There are 2 protein chains.
Amino acid sequence: MDDVDRKILAELQLDGRLTITELAERVQLSVSPTHRRLRELERNGAIQSYRAVVNPEALGLNFEALVFVTMGEEDRATLLAFEEAVARIPNVRLAQRLFGDPDYLLRIVTTDLAAYARLQDETLSSLPGMQRLTSTMVMKQVVDDRPLPS
Amino acid sequence: MDDVDRKILAELQLDGRLTITELAERVQLSVSPTHRRLRELERNGAIQSYRAVVNPEALGLNFEALVFVTMGEEDRATLLAFEEAVARIPNVRLAQRLFGDPDYLLRIVTTDLAAYARLQDETLSSLPGMQRLTSTMVMKQVVDDRPLPS
DNA sequence: ACTGAAAGCGATGCAGA
DNA sequence: TCTGCATCGCTTTCAGT
């Protein structure tokens with residue numbers, strides 16, 4: 001992991017479909033070693049995947065909420081069951097376990113407020129071990145899933 | 001935006017470097033119309049960009065925190081100044097304005113706790129209009145920036 | 001570990017239905 | 001709007017330094 005590798009990661013976070021030819025020009029190296037470095041970054045897990053960034057509104061997903069979860073039981077089995085249940089809900093884009101209170105943050109997208117209300121009532125509020133939910137509507141994306149800093 | 005377009009978006013969220021040839025097979029169409037549809041999805045903004053998903057640890061970014069921000073002043077000019085200042089901090093991966101309290105959520109990555117402490121003291125705690133910060137360390141990614149649901 | 005070249009394969013554009 | 005084809009460029013591998 002030298003400066004060239006870091007530059008490759010930076011460029012591919014900005015444009016994940018860069019051709020190796022173009023990438024080679026940007027890192028000032030010929031095609032072969034650029035190709036070799038890229039494959040190695042993929043192999044060793046520095047590059048986890050490639051993704052198209054899709055506009056949620058194009059899919060009619062116009063509503064986003066953050067949910068703060070406080071757990072009632074904190075034993076290992078309950079947390080595992082909670083986390084597996086959360087991972088099975090497709091509307092959950094991000095779920096993080098936190099230190100302190102709340103125990104979890106969930107980032108959730110739905111088509112609209114009504115769909116969210118249904119999701120909370122039918123699914124979220126009966127997650128295993130969950131004691132209390134506090135949810136907040138997102139008004140605006142100020143910084144929207146930016147690349148990692150160098 | 002028909003079912004084929006939705007399928008294209010779903011596939012490219014799973015693998016943003018799919019070749020058009022491979023994509024065409026997955027959506028059961030020949031290469032030309034698949035190509036045409038893809039370019040149209042890019043042109044109309046349904047596909048906003050392509051990204052390599054990089055493992056933060058590969059770049060030594062081992063620390064993540066969530067910061068809840070309560071504003072002291074809420075006039076338009078102050079909020080604008082706050083949002084612009086936040087957007088200029090490279091460690092901020094996500095910033096959202098929320099309804100209710102807190103006013104903003106920030107998702108922040110740094111190399112370690114010490115670097116975060118420095119960032120909070122030197123930068124975050126003097127953001128324009130900011131009244132109060134509450135920060136929480138992230139213990140674990142349960143669901144890590146998943147594709148949008150279909 | 002990089003350079004340069006050769007071969008295979010995909011992207012892109014076009015004719016025809 | 002689709003299929004099928006032709007051209008061009010990129011990816012991938014390999015010999016040489």
Side-chain angles (χ1 to χ4, degrees), chain A residues 1-62 111 144-150, chain B residues 1-62 111 144-150:
Chain A
M1 176 61 57
D2 58 9
D3 284 348
V4 175
D5 284 338
R6 270 184 284 274
K7 175 85 169 152
I8 289 174
L9 295 179
E11 293 294 341
L12 287 174
Q13 283 186 89
L14 296 174
D15 182 356
R17 291 201 88 149
L18 273 184
T19 62
I20 296 177
T21 308
E22 173 66 20
L23 189 59
E25 284 171 23
R26 300 203 189 177
V27 302
Q28 300 279 72
L29 217 61
S30 62
V31 169
S32 302
T34 307
H35 182 262
R36 204 181 50 70
R37 282 167 180 268
L38 175 57
R39 293 294 168 254
E40 179 59 17
L41 290 168
E42 292 170 348
R43 200 203 55 75
N44 71 23
I47 296 175
Q48 296 177 326
S49 64
Y50 297 91
R51 290 264 185 87
V53 178
V54 171
N55 182 356
E57 297 185 3
L59 291 168
L61 296 165
N62 300 303
T111 52
D144 199 357
D145 278 316
R146 233 177 1 194
L148 296 167
S150 329
Chain B
M1 176 62 57
D2 58 9
D3 284 347
V4 175
D5 285 337
R6 270 184 285 273
K7 175 84 169 152
I8 289 174
L9 295 179
E11 292 294 340
L12 287 174
Q13 284 186 89
L14 295 175
D15 182 357
R17 291 201 89 149
L18 272 183
T19 63
I20 295 177
T21 307
E22 174 66 21
L23 190 59
E25 285 171 22
R26 300 202 188 177
V27 303
Q28 299 279 70
L29 217 63
S30 63
V31 169
S32 301
T34 307
H35 182 261
R36 203 181 49 72
R37 281 167 179 268
L38 175 57
R39 293 294 168 256
E40 178 59 17
L41 290 168
E42 290 170 349
R43 200 203 54 75
N44 71 24
I47 296 175
Q48 296 177 326
S49 64
Y50 298 91
R51 290 264 184 89
V53 178
V54 171
N55 181 356
E57 298 185 3
L59 291 168
L61 297 165
N62 300 303
T111 52
D144 199 357
D145 278 316
R146 234 178 0 195
L148 297 167
S150 330

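Protein chains get the first letters and strands the later ones, always in sequence-line order, with residue 1 at the start of each. Every value quoted in this text rests on a predicted model; they were computed, and no experiment measured them.
No donor-acceptor pair under 3.5 Å is formed between the side chain of Gln13(B) and the backbone N or O of Val53(A). Checking side-chain atoms of Arg51(B) against main-chain N and O of Gly16(A) turns up no donor-acceptor pair under 3.5 Å.
Residues Leu61(B) and Pro149(A) have side chains in contact (heavy-atom distance under 4.5 Å, counting atoms from C-beta outward). The closest side-chain heavy-atom distance from Ile8(A) to Arg26(A) is not below 4.5 Å.
Going from atom CG of Leu38(B) over to atom P of dG10(C) covers 16 Å, rounded to whole Å. A straight line from CG of Leu29(B) to C1' of dA11(C) spans 16 Å, rounded to a whole angstrom. Residue Ile20(B) contributes atom CD1, which lies 12 Å from atom C1' of dG13(C) at whole-angstrom precision.
If you check dC2(C), dG10(C), dT12(C) against the side chain of Arg36(A), the one that comes closest is dC2(C).
Counting non-hydrogen atoms under 4.0 angstrom, Arg37(B) reaches the backbone sugars and phosphates but no base. Using a 4.0 Å heavy-atom criterion, one finds that Ser32(B) contacts the bases of the nucleic acid, with or without backbone contacts as well.
Salt-bridge formation is not detected for the pair Glu40(A)/Arg37(A): no Lys NZ or Arg NE/NH1/NH2 atom is positioned less than 4.0 Å from an Asp or Glu carboxylate oxygen.
Summary of the strand contacts: Arg39(B) and Gln28(A) both lie near DNA chain C, and taking for each the nucleotide with the nearest heavy atom, the more 5' one is attributed to Gln28(A).
With no hydrogens or angles considered, a side-chain donor-acceptor pair links Glu42(B) and Tyr50(B) at under 3.5 Å.
For DNA chain D, the span of nucleotides reached by chain A at under 4.0 Å from its heavy atoms goes, 5' to 3', from dC10(D) to dC14(D).
A sub-4.0 Å separation between OP1 or OP2 of dA11(C) and a side-chain N or O of His35(B) is absent.
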